[in-house]
Amino acid sequence: MINVQKIVDLWNEEQPKYEELGKIVCAFIKDKITEYEILPEIQYRTKELLSIIKKVKKKQDHKEYSYHHLKDKLGIRIICSFQEELEIIDKLLHDFFTIIEAEYKQEELDFDKLDYVSNHYDVQINLDVDEFGKYTNLGALIFEIQVRTLNQHAWSNMAHSLAYKQDKDLPPKLKRKVYRLLSLYELADDEFSSVNKALKEYKDNHSFTLLKKLEGKFYKYAKIDFDREITLYTIDILLSYYENEDSVNQIICKIGNFITNNEQKIKRIYDENRNRFYAILFLTQPEIFIIWFMLQNNPFTLEDNWANDFEEEDLEQIKTLWGNDL
Amino acid sequence: MAKKIDTSTIVIENIIVHSIPRHRKGDFSIKPKYSEQESSLPDGLRVFFKDKIIQSLQSNKELRVCYDTESVSPVSTYINQILNTDGAELVKQSKLMTKYLFEIQGGQNSSGILVVIFGKINNQNTCIIIKLEKDEGAQLELDPKTNSFNIKDVKNLMLTRRTKIYKVGLFVDKSVFEIKYDGSTADLQIDPKTKKEVTTWFIEKFLGCVPLADPRTTTKKFHDLTTTFIQSIEDPIKKAKYTQDLNSYLQKNTHRISAKEFADDYMETSDKDLYNNYLKEKEFRMSEFPKDNYFIENKIKKLTMTFDNDIAIVGNKGTFDQNVKLEKQKDGTTKAEIISKVKSVR
């Protein structure tokens, strides 16, 4: 028999702490993950009181289980676009959190089991990490982090809506339908990954090649998403300023090194101007790196043509941000 | 090795404003209005002033300068005091600067505002001086409570047409950066009536500075490097055109010249960037410098064009292009046409 009132009291007391922890952890992961040049979706929620009570009650039917056994009172969900990002996030979690238990559910699943599931981690914040050091009052709280691809997320949501559980004994015809559906999700993830890889190596469209080279770097410094249509349009224009293919290829070859060599400067510019992105829209698009590259290497090509397509004030602003060597 | 001084790293820490009224030289019945303490600087205004400083120092008017040991200006001493005290003496030294500026200004100078800043550049101390000239009607009132000028009023003045373009000087301790110059200046003053540049008294008389390099040497270096670059161009007609252009440019009636202006005025865009990269490689700056043709006078008088068949055309530079018509032939050769009377044969 569960003591509901006790759970209510406990949760009323603990929920604000988990809420605070959720905010802190979410902000931390959002900030750190961009350094790995990806921008997954990150959400958190604290568990609803009713869910807590129901879960404790349900579990108690099979084993000794109390409110304190619950590890998902706070749940963080990280949804990434491609399955190769799961590994990157796994590394981040091991680097910055204390992992109590990690379940790589998909790897553990037998080939004939009907499910497509995410990685689950029961964790605590690591107080040795600078950003967490001051939250000693939250250090003991265990919470769950789920990491999944968009397709795993879609599957999970659909399975939830269909009230489907893989261990249910289904009639063969229905089972077959579920198998077919599942294989689509898994295949989609595999195919998205290989298309993404192929696109990164795709050389026939210069603007697209540059976009692929820049997007990760952009996430790293800007820590926001951007408008791809604007980026491709702007890159097309910028590249049209060059009179020959060699110069365009030079940008493609050198832009990565240019960004790496100016890493500190770019980081500083972004950090200093984060609160006025709205006033400097070019800073919120990855083509800013190409403009800075051109200002350094082909200033006349840029400045002689710019006014035909863009506002002169914008270039002035971009130049001012970059500064000059005295 | 010299350390970089990157304007994007400027951080404004303290700022003070003083006002200099218009007065006749020697007329001390009028006095400058001094702030007795630093002005408070909200973040938005901090960004505004930083941007304005960068834009000036990024302009073609930027010039590396050294303190002139023979100058009577005490401003370098005041600047060093500010730098050496980590800005603690900003109020005192900036007032002394203002007093000196007031003393050397005469009736021909507009009333002005002196903004003195202590801050950091590449994490090292810097002192930045901005001088604004304003019309008589543009007023700046001392706040009696704080005994300082409101920095927002200065911004407003800078945004209106009642304030002329400003002059900027940024100074550092050169030993810290292991450089040979004390700072960079940008004197953007243009006489609106004649459109000609007036004297750079801000740099020379007030700041007591001279250009880092002797203008005669800089002009020669500019001529020689530009000539070498032009010689590397394959197209003989373009080569001849740019050579004549360089000559015309150097003989123009201006006191200051720049590689940027030369490129902008005479070159095709693709050549401009090659030229820019070439000069960068040779560590020659694109911005302006005072022109002095003393070392190249003879070189720019005559232009000689020698052909593969050993025939040469010698002409006075500046008039060469008007008298020799060059035409590219299909076989890659060049046709030169001169229509004139034969004066002599030697």
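The sequence lines fix the lettering, A, B, ..., with proteins before strands; numbering per chain opens at 1. Keep in mind that what you see is a predicted model, and the values were worked out from it rather than measured.
- Residue pairs satisfying the salt bridge (charged side-chain N to carboxylate O under 4.0 Å, His left out) criterion with at least one member in residues 285-301 of chain A, sequence neighbours excluded, are absent.
- Proximity to chain B among residues 227-239 of chain A is not found for any residue, judged by heavy-atom separations below 4.5 angstrom.
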Between chain B and chain A, which donor-acceptor pairs sit under 3.5 Å apart?
unit_1: A:Lys265; atom_1: NZ; unit_2: B:Asp6; atom_2: OD1; d: 3.3
unit_1: A:Lys265; atom_1: NZ; unit_2: B:Asp6; atom_2: OD2; d: 2.9
unit_1: A:Arg268; atom_1: NH1; unit_2: B:Ser8; atom_2: O; d: 2.9
unit_1: A:Arg268; atom_1: NH1; unit_2: B:Ser8; atom_2: OG; d: 3.4
unit_1: A:Arg268; atom_1: NH2; unit_2: B:Ser8; atom_2: OG; d: 3.2
unit_1: A:Glu272; atom_1: OE1; unit_2: B:Lys50; atom_2: NZ; d: 3.1
unit_1: A:Gln296; atom_1: O; unit_2: B:Lys280; atom_2: NZ; d: 2.5
unit_1: A:Asn297; atom_1: O; unit_2: B:Asn277; atom_2: ND2; d: 3.3
unit_1: A:Phe300; atom_1: N; unit_2: B:Asp273; atom_2: OD1; d: 3.0
unit_1: A:Thr301; atom_1: N; unit_2: B:Asp273; atom_2: OD2; d: 3.0
unit_1: A:Thr301; atom_1: OG1; unit_2: B:Asp273; atom_2: OD2; d: 2.3
unit_1: A:Asp304; atom_1: OD1; unit_2: B:Lys272; atom_2: NZ; d: 3.3
unit_1: A:Asp304; atom_1: OD2; unit_2: B:Thr269; atom_2: OG1; d: 2.7
unit_1: A:Asp304; atom_1: OD2; unit_2: B:Lys272; atom_2: NZ; d: 2.6
unit_1: A:Lys319; atom_1: O; unit_2: B:Gln58; atom_2: NE2; d: 2.6
unit_1: A:Thr320; atom_1: OG1; unit_2: B:Gln55; atom_2: NE2; d: 3.1
unit_1: A:Gly323; atom_1: O; unit_2: B:Gln58; atom_2: NE2; d: 3.1
unit_1: A:Asn324; atom_1: N; unit_2: B:Thr7; atom_2: OG1; d: 2.7
unit_1: A:Asn324; atom_1: O; unit_2: B:Thr7; atom_2: N; d: 2.9
unit_1: A:Asn324; atom_1: O; unit_2: B:Thr7; atom_2: OG1; d: 3.2
unit_1: A:Asn324; atom_1: OD1; unit_2: B:Thr7; atom_2: OG1; d: 2.7
unit_1: A:Asn324; atom_1: ND2; unit_2: B:Leu57; atom_2: O; d: 3.0
unit_1: A:Asp325; atom_1: O; unit_2: B:Arg285; atom_2: NH2; d: 3.2
unit_1: A:Leu326; atom_1: N; unit_2: B:Ile5; atom_2: O; d: 2.8
unit_1: A:Leu326; atom_1: O; unit_2: B:Arg64; atom_2: NH2; d: 3.2
unit_1: A:Leu326; atom_1: O; unit_2: B:Tyr181; atom_2: OH; d: 2.8

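- With a 4.5 Å cut-off on non-hydrogen atoms, B:Met286 touches chain A through its side chain but not through its backbone.
- By the ring pair (Phe, Tyr, Trp, His ring centres under 6.0 Å) test, A:Tyr36 pairs with no residue at all, sequence neighbours left out.
- When heavy atoms are compared at a cutoff of 4.5 Å, B:Val47 approaches chain A solely by way of its side chain, counted from C-beta outward.
- At most 12 heavy atoms of other shown residues, nucleotides or ligands fall within 6.0 angstrom of atom CD in A:Glu87.
- A 6.0 Å sphere centred on CD of A:Gln43 holds more than 12 heavy atoms belonging to other residues, nucleotides or ligands.
- No part of B:Leu274 comes within reach of chain A, as not one of its non-hydrogen atoms sits under 4.5 angstrom from that chain.
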